[in-house]
Amino acid sequence: MIELINVSFSYKGKTALEDINIKINEGEAVALIGPNGSGKSTLMKLINGIISPNKGEYLLDKKIITEKQLNNNIFSKAFHKKIGFVFQNSDTQLFCSTVYEEIAFGPRQMGILEEEVKKRVYDCLRLLNIEKLKHEAPYNLSEGEKKRVAIASVLSMNPEILTLDEPMNGIDPKGKKFLKELLLKLNASGKTIICSTHDFDYVEGIFKRAIVFSEKHRIIRDEDYGTVIKDEKFLIENNIK
Ligand SMILES: Nc1ncnc2c1ncn2[C@@H]1O[C@H](COP(=O)(O)OP(=O)(O)O)[C@@H](O)[C@H]1O
Ligand SMILES: [Mg+2]
């Protein structure tokens with residue numbers, strides 16, 4: 001469903017992705033691995049239409065995604081219904097006055113009727129186990145709670161593809177276990193999961209595939225997750241562990 005063909009991206013001349021080729025099928029659970037600055041977050045921004053390739057093509061469901069299309073309101077809504085992004089820093093994602101409003105925001109933007117919005121909000125509050133927080137202001141919450149709200153605010157739009165940028169960062173062990181179980185559950189229910197991580201202890205069992213980026217912003221491995229993670233020598237040599 002996602003395909004990148006010879007994609008390169010640079011920020012004002014500074015390379016962040018170099019000749020990337022990836023194909024991700026529906027229902028996959030893929031980990032993006034690599035040292036700091038290797039391009040993981042940039043790739044996620046690109047897949048989520050926040051930036052567009054300088055070179056190469058991004059296809060979603062076999063259709064080329066262009067900047068022009070993303071600027072079109074109707075196209076953009078359909079696009080964001082398909083793919084959801086949980087940012088690394090929850091503070092850049094949360095901007096409403098209460099948790100309830102935050103989770104309701106996406107579905108309301110999509111034009112969903114208020115009765116259905118309410119149902120979705122409550123489903124997501126329950127799924128993330130944050131019913132108690134519904135009247136709280138997001139900025140008063142702990143990092144782990146913010147992350148749950150951010151995930152709920154994306155899931156309320158019911159995207160087919162869920163992308164998460166280092167979701168385990170700054171979360172306590174209990175929160176990490178909860179998140180792991182949630183990702184397993186979502187993937188089992190058919191959602192495609194794409195997730196950057198370097199917290200290998202808590203993600204055991206979630207991913208079938210690892211895409212590994214080098215310091216040179218290229219893909220150096222794309223294969224079975226377990227095989228990559230067991231290759232200590234490779235991980236150390238490439239500044240991943
Ligand atoms: N907004 C930005 N402006 C300029 N350079 C950036 C920006 N974001 C990332 N970069 C650079 O792009 C490269 C890839 O960064 P990033 O995708 O954030 O890597 P990762 O997520 O793997 O740590 C790095 O060299 C980084 O410094
Ligand atoms: Mg990053």
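We count ligands from 1, going down the list as the structure has it; atoms in each ligand are counted the same way. Excluded from the calculations below are hydrogen atoms, water molecules and symmetry mates; all remaining heavy atoms, backbone and side chain alike, are included.
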With only distance considered, is K40 within less than 3.5 Å of ligand 1 through an N or O on each side? yes

Any salt bridge between K176 and D172, counting N to O under 4.0 Å? no

Between Y11 and F9, is the ring centre distance below 6.0 Å? yes

Hey, which atoms in ligand 1 end up nearer than 4.0 Å to a heavy atom of N36? 23 (O)

Atom 18 (O) of ligand 1: closest protein heavy atom, distance to 0.1 Å, is S41 CB, 3.7 Å

When you measure from the Mg ion (ligand 2) to the N, O or S atoms of M44, does any of those distances fall below 2.8 Å? no

Test your reading of the structure: does K14 have an N or O sitting under 3.5 Å from an N or O of ligand 1? yes

Presence of salt bridge, D231 and R221, under 4.0 angstrom: yes

Do we get R148 above F178's six-membered ring, with its NZ or CZ under 6.0 Å from the centre and within 45° of the axis? yes

For ligand 1, is there an N or O atom under 3.5 Å from any N or O atom of K45? no

of all protein heavy atoms, closest to atom 9 (C) of ligand 1 is Y11 CE1, 3.3 Å

Please write down residue, atom name and distance for the protein heavy atom closest to atom 19 (O) of ligand 1. G39 N, 3.2 Å

Any side-chain donor paired with an acceptor under 3.5 Å for N48 and T163? yes

Under the side chain to side chain donor-acceptor pair (under 3.5 Å) test against N158, which residue among K81, R120, K191 passes? K191

For atom 20 (P) of ligand 1, the option (of G34, A16, S10, G37) bearing the nearest heavy atom: G37

Report, in ascending order of atom number, the atoms of ligand 1 lying under 4.0 Å from any heavy atom of S38. 19 (O), 20 (P), 22 (O)

Should one rank T42, I33, L46, T15 by closest heavy-atom distance to atom 17 (O) of ligand 1, which comes out on top? T42

Could you tell me whether D61 and K82 make a salt bridge, using a distance below 4.0 angstrom between a side-chain N and a carboxylate O? yes

Is the contact between P35 and ligand 1 made by the side chain, the backbone, both, or neither, using heavy atoms and a 4.0 Å cut-off? backbone

Do the ring planes of Y225 and F207 sit parallel (below 30°), tilted (30 to 60°) or perpendicular (above 60°)? tilted

